[in-house]
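To keep things clear, I will list the structure first and then write my remarks on it.
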Amino acid sequence: MVEPPVPHGLDARGFIEREGSLARVPHAFRPVVAAARDRLLDAFGTRLHSAYLYGSIPRGTARVGRSDLDLLVALYEEPADADREAVRALGEALDQEFPQIDGVGTLLYGRARLLSDLETYDLGWFVACLCTPLLGDDLAEYLPRYRPDSLLARETNGDLALLLPRWRERIAAAADRAEARRPLVRFMSRHLVRTGFTLVMPRWNGWTSDLREMAEVFGAYYPERAAELRRAAEYGYEPVGDPDVLRSYMDDLGPWLAAEYARVHGVKAPRPAP
């Protein structure tokens, strides 16, 4: 077996360290973050509990003109359709105004859901470990510390088998053009790489958000699939519009990964229908 990278991303007690900070936001992206902060306050006012950055911008690895702005917004109450429309419009406006970003993705939830027992090891972990506070009262103060164990693996990515049929529908509905397929390749590549990584995360006993390192860690434990995940990691950064890539994900890598994940960690606890 090829030796995996040396584990890291944990504190001295073995808990996953929170990644990202406002201090790491690259200078080019600071006007975008400031505008997002102000407009979220304008859009939600006192209904806004808190807001967070996540992804490459607070990690300091964002690329001008290539990286998107990722936000998570928590409201005091469960969001309504009008709230979802508000964040969609806000994201479109930011994307058009600031050429240094390539799109805006905003997750929108109610405070109660983020702190619920059902979401403790999924959305709760996501907020506590992968999100950087931008506005309001940090929900991480109400959440536990997390270790890279099998429970966390199951509850974060143990639902791939449920997602694959939805992905097929998205692929079928997309226009038959490379420009329409590239966002799908990017999204699905990233999801598959992260799922492959969390499959082996408890054995590696560390944490990383770098797609290439995730693929290297996975490949040390599944060398027969290592090349596939390395390619997926590259497509996560530089997507192509090749339909054969999506076909391989749906017919081979995705089903295999879902089955192996269920065998090793079990299946994610069912969530209520949206």
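Every heavy atom of this structure was used, including side-chain atoms; hydrogens, water molecules and symmetry mates were not.
- Within a 6.0 Å sphere centred on CG of D176, heavy atoms belonging to other residues, nucleotides or ligands number 12 at most.
- Just one of R66, R186, R182 meets the side-chain hydrogen bond (donor to acceptor under 3.5 Å, both in side chains) condition when paired with E238; it is R66.
- Geometrically, R190 does not engage Y235 in a cation-pi contact defined by less than 6.0 Å to the ring centre and at most 45° from the axis.
- Centroid-to-centroid, the aromatic rings of F126 and Y54 come within less than 6.0 Å.
- Inter-residue side-chain proximity for V25 and R30 is flagged as met; some heavy-atom pair is nearer than 4.5 Å.
- Under the 4.5 Å side-chain contact rule for hydrophobic residues, F29 and L71 share a cluster.
- Because its NZ or CZ atom is both nearer than 6.0 Å to the ring centre of F15 and within 45° of the ring axis, R147 counts as a cation-pi partner of that residue.
- Among L192, L164, I171, the one residue that satisfies the side chain to side chain contact (heavy atoms under 4.5 Å, CB included) test with Y249 is L192.
- Taking all atoms of both residues into account, the shortest heavy-atom contact from A258 to A161 is CB-N, 3.8 Å.
- One finds no salt bridge joining E228 and R231 here, because no Lys/Arg side-chain nitrogen approaches an Asp/Glu carboxylate oxygen to under 4.0 Å.
- In this structure, R111 is positioned above the aromatic face of Y142, its NZ or CZ under 6.0 Å from the six-membered ring centre and within 45° of the axis.
- Open room surrounds CG on D117; 12 or fewer heavy atoms of other groups in view lie less than 6.0 Å from it.
- Between Y261 and W256, a ring centre-to-centre spacing not shorter than 6.0 Å is recorded.
- In this structure, E213 and F197 have side chains that are not in contact, with every pair of non-hydrogen atoms separated by 4.5 Å or more.
- Both V264 and L163 are members of a single hydrophobic cluster when ILVMFWY side chains are connected at heavy-atom separations under 4.5 Å.
- By the criterion of side-chain heavy atoms lying less than 4.5 angstrom apart, applied directly or through intervening Ile, Leu, Val, Met, Phe, Trp or Tyr residues, V73 is grouped together with L22 in one hydrophobic cluster.
- Ring-centre distance between H8 and W207: not below the 6.0 Å cut-off.
- A salt bridge does not link R113 with E78: none of the charged nitrogens is closer than 4.0 Å to a carboxylate oxygen.
- Under the 4.5 Å side-chain criterion, counting only non-hydrogen atoms from C-beta, L53 is not in contact with D70.
- A salt bridge does not link E216 to R212: none of the charged side-chain nitrogens sits closer than 4.0 Å to a carboxylate oxygen.
- Side chains of T46 and Y76: no donor on one and acceptor on the other come within 3.5 Å.
- Not less than 6.0 angstrom separates the ring centroid of W204 from the ring centroid of F218.
- A salt bridge does not link D244 to R181: none of the charged nitrogens lies less than 4.0 Å from a carboxylate oxygen.
- Side-chain polar atoms of T156 and D122 form no donor-acceptor pair below 3.5 angstrom.
- Under the 4.0 Å criterion applied to side-chain N and carboxylate O atoms, R84 and D81 are assigned as salt-bridge partners.
- We find that D159 and R166 are not joined by a salt bridge, their nearest charged nitrogen and carboxylate oxygen being 4.0 Å or further apart.
- Under the 4.5 Å side-chain heavy-atom criterion for grouping Ile, Leu, Val, Met, Phe, Trp and Tyr, Y146 is connected to V200 within one hydrophobic cluster.
- Here the shortest heavy-atom pairing between L10 and N205 reads CD1-O, 3.3 Å.
- With hydrogens and angles ignored, the 3.5 Å screen pairs a side-chain donor or acceptor of R18 with a backbone N or O of V127.
- Considering only heavy atoms from C-beta on, M201 comes within 4.5 Å of L152 through its side chain.
- Taking the charged nitrogens against the carboxylate oxygens, D11 and R145 do have a contact shorter than 4.0 Å, which makes a salt bridge.
- Residues W125 and V267 are members of separate hydrophobic clusters, defined by side-chain heavy-atom contacts under 4.5 angstrom among Ile, Leu, Val, Met, Phe, Trp and Tyr.
- Of the charged side-chain nitrogens involved, at least one lies within less than 4.0 Å of a carboxylate oxygen, so that E155 and R271 count as a salt-bridged pair.
- Looking at heavy atoms from C-beta onward, L253 lies in side-chain contact with R225 at the 4.5 angstrom threshold.
- For E77, the CD atom counts as loosely surrounded, since its 6.0 Å shell holds 12 or fewer non-hydrogen atoms of other residues, nucleotides or ligands.
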